[in-house]
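Residue numbers count from 1 along this sequence.
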Amino acid sequence: MTSVTSATATLLDYDEVIAKYEPVLGLEVHVELSTETKMFCGCANKFGAEPNTQVCPVCLGLPGSLPVLNQSAVESAIRIGLALNCDIAPWGRFARKNYFYPDQPKNYQISQYDEPIAVNGHLDVPLDDGTTWRIEIERAHMEEDTGKLTHLGSDTGRIAGATTSLADYNRSGVPLIEIVTKPVEGAGERAPEIARAYVTALRDLLRALGVSDVRMDQGSMRCDSNVSIKPIGQAEFGTRTETKNVNSLKSVEVAVRYEMRRQAAVLESGGSIVQETRHFHEDGYTSPGRSKETAQDYRYFPEPDLEPVAPSAELVEELRRTIPELPWLARKRIQQDWGISDEVMRDLVNIGALDLIAATVDHGASSDQARAWWGNFLVQKANESGVELEALPITPAQVATVVKLVDDGKLSNKLARQVVEGVLAGEGDPEQVMADRGLAVVRDDSLIQAAVDEALAANPDIVEKIRGGKVQAAGAIVGAVMKATKGQADAARVRELVMAACS
């Protein structure tokens with residue numbers, strides 16, 4: 001047996017794992033919805049507020065408070081179910097999922113148990129080699145998120161060893177959709193890759209639906225990866241572990257691969273797998289959490305304070321018409337329309353520029369112009385500010401306006417960059433910035449001629465070179481004029497006047 005020792009366990013070589021065992025996956029993805037308010041109250045649903053400032057008696061679970069269902073969250077849940085090819089339940093109830101933990105102030109979570117809003121769907125996931133893998137969806141159900149605990153005093157940031165724990169209930173009651181797959185079998189050595197591809201496709205789909213910002217780094221999308229292995233040829237599943245709250249695409253793949261190797265090493269040494277939750281550590285390993293609860297442990301029972309959810313067939317069909325084109329199909333179409341390579345498309349997707357470029361094209365810019373702005377100048381500005389590209393305070397419509405100003409000859413490329421910087425600084429729309437900063441291209445020939453005459457008079461040696469046939473020397477005069485006019489002169493017109501004066 002070839003094995004290595006990780007931070008916490010002995011791992012079997014991956015090739016040996018695949019030679020002897022078949023992995024079975026189950027992926028549970030929790031998605032916070034981007035509604036204005038929480039699931040059962042009117043508190044703001046906004047990330048980043050001061051702790052415990054977006055709370056009320058309902059989301060704090062105070063006695064006598066009653067929940068009221070968020071209609072927008074229900075509609076988002078239905079749209080998610082439809083996009084995942086699920087059947088939408090015509091009638092269903094919420095349930096109370098009972099457990100005691102400091103992040104849940106009511107000591108129960110309002111969720112859906114045996115009557116979820118969406119069931120029996122699938123998603124055809126694109127893989128890097130151009131093939132697809134169908135992931136069967138068991139259910140997508142509605143629930144509320146819990147609060148957030150911050151543990152102080154421990155080396156790991158977890159409760160073990162902590163001296164103080166701080167509770168922030170701003171997140172308590174945030175609308176949440178949990179999407180649960182059926183067991184994923186037959187993936188073999190590609191299981192980690194397929195897990196990552198599925199979460200990637202799901203993130204892209206949810207973003208296209210506009211139901212969530214799917215920011216895994218902020219916790220608005222989190223994946224729990226269930227992994228078990230069984231000897232090849234065995235029908236019965238092995239004992240599974242559930243790695244909780246994996247918060248990046250790469251980490252999903254790493255966590256699945258690690259658990260396959262760890263479990264195989266345990267079995268090869270004659271041990272048995274413990275059914276438990278596990279923590280994922282960003283340096284690439286998992287560690288034990290708690291023994292895994294079953295449904296019986298949560299003592300589910302129907303939520304008495306909420307009416308059943310009964311979406312009409314008309315509402316479901318109305319929402320079905322809002323489902324957009326699958327993002328990966330849209331990317332193929334866009335790639336063909338723009339005539340760009342796979343590598344360029346991949347880069348645009350990775351920097352989060354594709355949708356912004358497409359929207360800029362929709363506002364009248366060419367794809368080349370839109371790509372030049374978002375893929376170069378603006379991504380540089382985003383990196384300098386330490387924010388996502390889409391978080392920059394400039395819209396595709398404003399970028400398209402800048403492009404038009406350049407096309408109309410009202411701005412040079414250099415001046416256009418100054419206009420964009422003004423927009424990013426909050427100085428207004430492009431036309432306002434151009435006017436306030438006095439950046440419009442100068443087209444008055446008398447003003448340009450005066451600057452040309454001054455530059456020629458100051459550089460007689462260059463004038464003689466031009467008259468002697470060294471036309472390229474005119475660039476020095478053009479540069480001097482552009483500097484004198486603060487870049488606002490039309491460079492092509494400047495060159496014409498310089499050559500005419502030297503002829």
Side-chain angles (χ1 to χ4, degrees), residues 28 30-46 49 51-81 86-119 138-149 167-180 211-212 219-220 222 293-316 319:
E28 303 171 13
H30 298 77
V31 182
E32 289 183 352
L33 300 178
S34 52
T35 52
E36 290 294 324
T37 57
K38 292 185 181 181
M39 192 69 176
F40 302 114
C41 67
C43 290
N45 175 21
K46 186 177 181 181
N52 296 308
T53 58
Q54 296 176 174
V55 294
C56 72
V58 173
C59 56
L60 288 177
L62 299 184
S65 61
L66 293 173
V68 177
L69 183 58
N70 186 328
Q71 180 179 346
S72 177
V74 175
E75 292 178 357
S76 292
I78 293 172
R79 294 180 70 231
I80 291 171
C86 289
D87 299 325
I88 304 302
W91 191 92
R93 293 178 297 178
F94 282 96
R96 289 188 180 182
K97 179 181 181 181
N98 295 274
Y99 65 95
F100 174 76
Y101 201 66
D103 68 357
Q104 185 52 269
K106 294 192 294 288
N107 292 336
Y108 65 85
Q109 178 187 32
I110 300 178
S111 182
Q112 290 186 304
Y113 173 46
D114 55 347
E115 298 176 272
I117 188 71
V119 296
E138 176 73 31
R139 58 191 282 152
H141 65 261
M142 299 180 286
E143 58 187 20
E144 59 178 338
D145 211 344
T146 60
K148 180 180 179 180
L149 297 180
D168 178 9
Y169 293 119
N170 282 349
R171 197 175 69 182
S172 180
V174 166
L176 199 66
I177 302 298
E178 181 175 352
I179 301 166
V180 182
V211 296
S212 173
S220 58
R222 312 186 290 273
E293 297 95 339
T294 64
Q296 288 76 14
D297 294 321
Y298 290 122
R299 296 181 294 111
Y300 284 99
F301 65 87
E303 167 58 66
D305 293 333
L306 287 169
E307 293 183 352
V309 178
S312 67
E314 291 77 15
L315 174 62
V316 172
L319 294 173

D145 (side chain) donor-acceptor with G173 (main chain) under 3.5 angstrom: no

Under a 4.5 Å cut-off applied to non-hydrogen side-chain atoms, are M142 and I177 in contact? yes

Measure the shortest side-chain to side-chain distance between F94 and L69 over non-hydrogen atoms and say whether it is less than 4.5 angstrom. yes

Side-chain (N52) to main-chain (Y169) donor-acceptor, under 3.5 angstrom: yes

Look at the side chain of D103 and the backbone N and O of L149, then say whether any donor-acceptor pair between them is shorter than 3.5 Å. no

Kindly say whether G61 contributes a backbone atom to a donor-acceptor pair with the side chain of S65 at under 3.5 angstrom? no

For the atom pair NE2 (H141) and CD1 (I179), what is the distance rounded to the nearest 0.5 Å? 10.0 Å

Nearest non-hydrogen partners of R79 and V211, listed with the distance: NH1-CG1, 3.6 Å

Taking the side chain as every heavy atom from C-beta outward, state whether S172 and P105 have any atom pair closer than 4.5 Å. yes

Residue pair Y113 / K97, side-chain heavy-atom distance below 4.5 Å: no

Is there a donor-acceptor pair closer than 3.5 Å between any side-chain N or O of E144 and the backbone N or O of M39? no

Is there a donor-acceptor pair under 3.5 Å between the side chain of Q54 and the backbone N or O of N170? no

Quick one: closest heavy-atom pair of C43 and C59, and the distance? SG-SG, 3.9 Å

Looking only at heavy atoms, what is the nearest atom pair of A73 and P175, with distance? CB-CB, 4.0 Å

Any side-chain donor-acceptor pair under 3.5 Å between S220 and E32? no

Rounded to the nearest 0.5 Å, how far apart are CD of E115 and CZ of R93? 4.5 Å

For T37 against T35, the heavy-atom pair lying closest together: O-OG1, 2.7 Å

Spatial distance of atom CG (L33) from atom CD (E75) [nearest 0.5 Å]: 11.5 Å

Within this structure, what is the CG-CG distance for the pair N107 and N98, rounded to the nearest 0.5 Å? 8.5 Å

Using atom types as modelled and distance alone, determine if a side-chain donor or acceptor of E143 lies under 3.5 Å from a backbone N or O of E178. no

Less than 4.5 Å apart, any side-chain heavy atom of E303 and any of Y108? yes

Quick one, E36 and S72 - any side-chain contact, counting heavy atoms below 4.5 Å? no

When you measure from the side chain of K38 to the backbone of V55, do you find a donor-acceptor pair of N or O atoms at a distance under 3.5 Å? no

Sub-3.5 Å donor-acceptor pair from the side chain of R96 to the main-chain atoms of F301, do we have one? no

Between CZ of R139 and CD of E28, what distance do you get to the nearest 0.5 Å? 10.0 Å

Separation of K106 NZ from F100 CZ (nearest 0.5 Å): 14.5 Å

Closest heavy-atom pair, V58 versus F40, reported as atoms and distance to 0.1 Å, is CG1-O, 3.4 Å

Got I110 and P67 here, is their nearest side-chain heavy-atom distance under 4.5 Å? yes

